[in-house]
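Starting from 1, each residue takes its place in the sequence as its number.
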Amino acid sequence: MKMKRLVSFLLVLSLLLSAFIIPTSAKSPSAAGYLTDYDTETPIIIVHGMSQNDTYLLNEDGSRMTDDSGDYITGWPLELDIGALIKEALVPLITSALTRTDAGLSEAMRKGAYEALFALHKDNEGNYLTPVEVPCYEYPMSEMTDELKEFYYNFIPLQGLGEIVGEENIYYFGYDSFGDVIGEAKKLHHYIHDVVLPQTGADQVRICPISLGGTIAVTYLEMYPEDYELIKRMVFVIPAIDGSDIIGDLLTNNVSILEDNEMLYGDFLPSLLGDGALGYFLNICLRILPSDVLKSALSSLVDGVVETAILPTTIMWALCPTDYYEEARAKWLDNEEYSAIAEKVDYYMNARANFGENLYEMMNTGTKVFDICCYGGGMFPLCKDYNKTNGDGIVHANSASMWATFANVGETLGDDYVAAGTYCNNPAHDHISPDNTVDPTTGLLPCTTWYIKNQDHEKLPHNDVALQMAFEIMTNEKIVDVYSFPEIYPQYNEGRLTNTVNEYLEIWENADKDAYAPEQIEYVEYAVSEIERMLDETIVDNARWKAAEEELRLALVSVGLVEDTTPTTLDNTLTSFTKILNEFSNFFFDYVIRA
């Protein structure tokens with residue numbers, strides 16, 4: 001299973017891991033909020049992130065395509081024809097390994113990427129060669145079937161929000177994660193005017209753009225200023241306002257594994273597969289090919305992915321950060337063949353340049369705008385500056401915070417740093433983060449942006465505090481800025497994950513207590529009580545949380561309800577051995593063979 005995951009990743013590189021907020025079976029926090037005075041009348045539109053809506057390939061008659069097993073063939077989740085890649089690359093790979101030269105391997109990798117990504121094939125104007133169906137249900141979640149609701153709740157656990165405002169007031173705007181960013185903004189405009197407002201009889205809507213959904217919001221605000229007064233609240237959640245460095249590095253061919261031997265032969269595969277023996281063993285296998293041949297093949301693979309999945313897809317171009325765009329455009333769009341794509345992407349980049357002005361104009365009509373940003377970690381190791389750029393693994397923090405200032409990973413802003421005060425110079429507002437790594441005053445919304453430290457982007461649905469806070473901000477009229485209830489939701493907080501703990505609690509709740517001795521029950525109940533007490537807290541101490549989670553795991557292991565997954569002595573020995581062998585092979589090839 002791990003090998004299949006590795007091959008799939010090497011095929012699409014970071015596209016799968018930049019699937020902003022990966023589908024999860026997260027548990028929604030309780031709607032028993034900490035505040036009152038909820039707006040239960042104004043409908044809420046969720047503009048989801050990448051991967052949070054399926055797309056289906058269609059036959060000529062308009063029916064959904066199926067594979068040999070009868071399962072639907074989807075454009076997302078992305079269908080990969082791994083066999084096509086192997087078919088193209090296997091012989092050139094063997095020949096290149098034997099001859100120590102690039103015997104057609106690079107070209108095979110480029111072609112194999114195209115064949116494997118068959119579900120995304122488009123013409124040079126961005127039109128699918130095979131039609132796709134993109135579900136966008138023109139009714140609230142209350143009218144969805146239980147099966148359909150569960151499907152979307154697995155993406156974003158909105159059950160708690162539904163308990164506050166009613167599912168009849170929640171609309172899930174479905175769009176194509178590989179679609180046209182301008183076309184999707186037009187659909188959102190239609191969705192508001194022709195679906196949500198007429199169905200609810202409301203005068204305004206609340207909009208929640210999540211991650212990739214932020215790019216839709218950027219375009220929408222540029223195209224429809226007449227809609228500003230219709231938006232009562234807009235709550236951005238880890239939005240990719242300035243894209244993602246992952247896409248920027250892909251478009252400019254500046255990925256870490258092409259630039260850094262230590263990453264290519266050292267940290268990359270272990271970070272992907274987990275710090276076990278397999279990653280280090282595969283590192284050694286990579287040495288079968290000369291370094292220049294391997295990098296040439298990987299570079300061609302990157303180009304193949306870009307040409308197939310990004311180049312003809314404007315919503316992917318919308319993830320290109322501003323600082324990368326000039327170079328990326330010159331590399332890919334500066335020709336007549338892709339003029340239609342270039343025109344749309346240029347429009348989007350202009351919309352991004354106008355975003356601050358548009359946002360403030362909307363706020364002048366009375367719209368309340370908020371943002372939730374994650375920071376404190378680096379970027380996915382495919383990025384060139386993965387261990388330097390502050391981010392949440394998928395979106396760099398500067399983008400998600402609407403251009404706040406961050407120290408590099410592992411550094412601070414400096415003892416003499418003074419807040420820039422670009423968008424807030426109120427001396428009573430001490431915005432600088434407690435760890436002296438964030439200056440929100442250069443961001444567009446310094447007084448209405450919350451920061452969650454050390455929270456992975458794709459795992460946000462497992463953070464109960466972040467979800468509860470987002471629900472409160474969307475629905476509670478008393479929350480107007482970060483100073484509204486700092487004792488409950490401070491501007492700076494830590495991330496935590498509750499999915500595993502929720503599983504543990506469910507296991508113990510369903511256990512036959514009569515099967516255990518009193519002292520065993522006492523041990524587990526103590527661990528459970530500690531967790532339940534912390535679940536009532538909204539200010540997170542992640543170290544204490546992880547310790548309590550581990551204590552609960554050990555308690556359940558002690559009564560045989562949870563399997564002990566602690567690595568064995570053999571596992572640790574094998575990992576250490578392969579790691580040392582990997583380091584020796586790197587030394588041998590880099591210094592002995594090269595010399």
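W317 places a side-chain N or O within donor-acceptor distance of the main-chain N or O of L311, the cut-off being under 3.5 Å. Counting only distance, with no hydrogens or angles, the side chain of R100 and the backbone of I288 share a donor-acceptor pair below 3.5 Å. No donor-acceptor distance shorter than 3.5 angstrom exists from the side chain of S585 to the backbone of I284, with no hydrogens or angles considered. Remark: side-chain polar atoms of D456 are not paired, donor with acceptor, to backbone N or O of E458 under 3.5 angstrom. Side-chain atoms of S296 do not come within 3.5 Å of backbone N or O of S106 as any donor-acceptor pair. In terms of modelled atom types and a separation under 3.5 Å, the side chain of S63 and the main chain of N59 share no donor-acceptor contact. The main-chain N or O of I73 is never found under 3.5 Å from a side-chain atom of R64 such that the two would form a donor-acceptor pair. Side chain of S244 to backbone of I394: a donor-acceptor contact under 3.5 angstrom is found. With D260 contributing its side chain and S256 its backbone, the two residues share no donor-acceptor pair below 3.5 Å. With Q52 contributing its side chain and G49 its backbone, the two residues share a donor-acceptor pair below 3.5 Å.
Residue G495 comes nearest to N463 through the heavy atom pair CA-ND2, 3.5 Å, listed as atom of the first residue, atom of the second, then distance. The shortest heavy-atom contact between V395 and G243 is CG1-O, 3.7 Å. Nearest heavy-atom pair, L413 versus A407, reported as atom, atom and distance to 0.1 Å: CD2-N, 3.6 Å. The two residues P270 and Y280 make their nearest non-hydrogen contact at CG-CE2, 3.6 Å. Closest heavy-atom contact between I247 and C320: CG2-N, 4.2 Å. Nearest heavy atom pair, residue A89 against residue L105, reads O-CD1, 4.0 Å.
Among Y172, Y153, Y152, F155, the single residue meeting the ring pair (Phe, Tyr, Trp, His ring centres under 6.0 Å) criterion with H48 is Y172. Screening D571, D564, N572 against T568 for a side chain to side chain donor-acceptor pair (under 3.5 Å) leaves a single residue, D571. Checking D123, D176, T55 one by one against Y128, the side chain to side chain donor-acceptor pair (under 3.5 Å) holds for a single residue, D176.
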Between T314 and I341, does a side chain to side chain contact (heavy atoms under 4.5 Å, CB included) hold up when you go through it step by step?
-> CA-CA 7 Å; T314 59; I341 297 293; 4.2 Å; yes

Worked check of side chain to side chain contact (heavy atoms under 4.5 Å, CB included) between N398 and N390 = CA-CA 8 Å; N398 179 262; N390 205 310; over 6 Å; no

Check against salt bridge (Lys or Arg N to Asp or Glu O under 4.0 Å), E307 and R110 = CA-CA 9 Å; E307 290 167 356; R110 180 193 292 263; 2.3 Å; yes

Full working for side chain to side chain donor-acceptor pair (under 3.5 Å) between S401 and D371 = CA-CA 7 Å; S401 64; D371 187 20; 5.9 Å; no

Given side chain to side chain contact (heavy atoms under 4.5 Å, CB included), test Y386 with V409 step by step and report yes or no.
-> CA-CA 9 Å; Y386 67 96; V409 175; over 6 Å; no

Decide yes or no on side chain to side chain contact (heavy atoms under 4.5 Å, CB included) for V47 and E184, but give the supporting numbers first.
-> CA-CA 10 Å; V47 185; E184 300 301 347; over 6 Å; no

Going through the checks in order, is the side chain to side chain donor-acceptor pair (under 3.5 Å) test met by T442 and T405?
-> CA-CA 6 Å; T442 62; T405 298; 2.8 Å; yes

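Remark: D249 does not engage K384 in a salt bridge, criterion side-chain N to carboxylate O under 4.0 Å. By the 4.0 Å N-to-carboxylate-O rule, E115 lies too far from K87 to be salt-bridged with it. Salt bridge E550/R553: present, at least one basic N to carboxylate O contact under 4.0 Å.
With contacts defined as side-chain heavy-atom distances shorter than 4.5 Å, the pair Y265/L286 qualifies. For the pair N254 and E327, the minimum side-chain heavy-atom distance is below 4.5 Å. Contact of the I315 side chain with the Y175 side chain is registered, since non-hydrogen atoms from C-beta on lie closer than 4.5 Å. Using a 4.5 Å cut-off on side-chain heavy atoms (C-beta onward), D71 and T66 make no contact. Residues L289 and S96 have side chains in contact (heavy-atom distance under 4.5 Å, counting atoms from C-beta outward). The side-chain heavy atoms of L251 and Y324, taken from C-beta on, include no pair separated by under 4.5 Å. For the pair M263 and N261, the minimum side-chain heavy-atom distance is 4.5 Å or more. Contact check for L444 versus W403: side-chain heavy atoms found under the 4.5 Å cut-off.
For CD of E326, the number of neighbouring non-hydrogen atoms (other residues, nucleotides, ligands) closer than 6.0 Å is 12 at most. When the shell of 6.0 Å around CG of D61 is examined, it contains more than 12 heavy atoms from other residues, nucleotides or ligands. Residue-environment remark: NZ (K122) exceeds the threshold of 12 foreign heavy atoms within 6.0 Å. The number of heavy-atom neighbours closer than 6.0 Å to NZ of K331, taken from other residues, nucleotides and ligands shown, is above 12. Dense packing is recorded around CD of E259, with more than 12 heavy atoms of other residues, nucleotides or ligands lying under 6.0 Å away.
Side-chain contact check for H457 and S211: at least one donor-acceptor pair (N or O, by modelled atom type) lies under 3.5 Å. Looking at T322 and D242, their side chains do bring a donor and an acceptor atom within 3.5 Å of each other. Between the side chains of N253 and S299, at least one donor N or O sits under 3.5 Å from an acceptor N or O.
For D435, the salt bridge (charged side-chain N to carboxylate O under 4.0 Å, His left out) partners two or more places apart in sequence, or in a different chain, are K453.
A distance of 5.0 Å separates CG in L294 from CG in L264, rounded to the nearest 0.5 Å. The CZ atom of R329 lies 6.0 Å from the CG atom of D334; values are rounded to the nearest 0.5 Å. The CD1 atom of I238 sits 11.0 Å away from the CG atom of L212 when rounded to the nearest 0.5 Å. We find the OG1-CZ distance between T578 and F281 to be 9.5 Å, quoted to the nearest 0.5 Å. In this structure, the separation between CG on L333 and NZ on K344 is 13.0 Å, given to the nearest 0.5 Å. For the atom pair I86 CD1 and D81 CG, the distance stands at 9.0 Å (nearest 0.5 Å).
Ring geometry for F355 versus F236: interplanar angle over 60°, hence perpendicular rather than tilted (30 to 60°).
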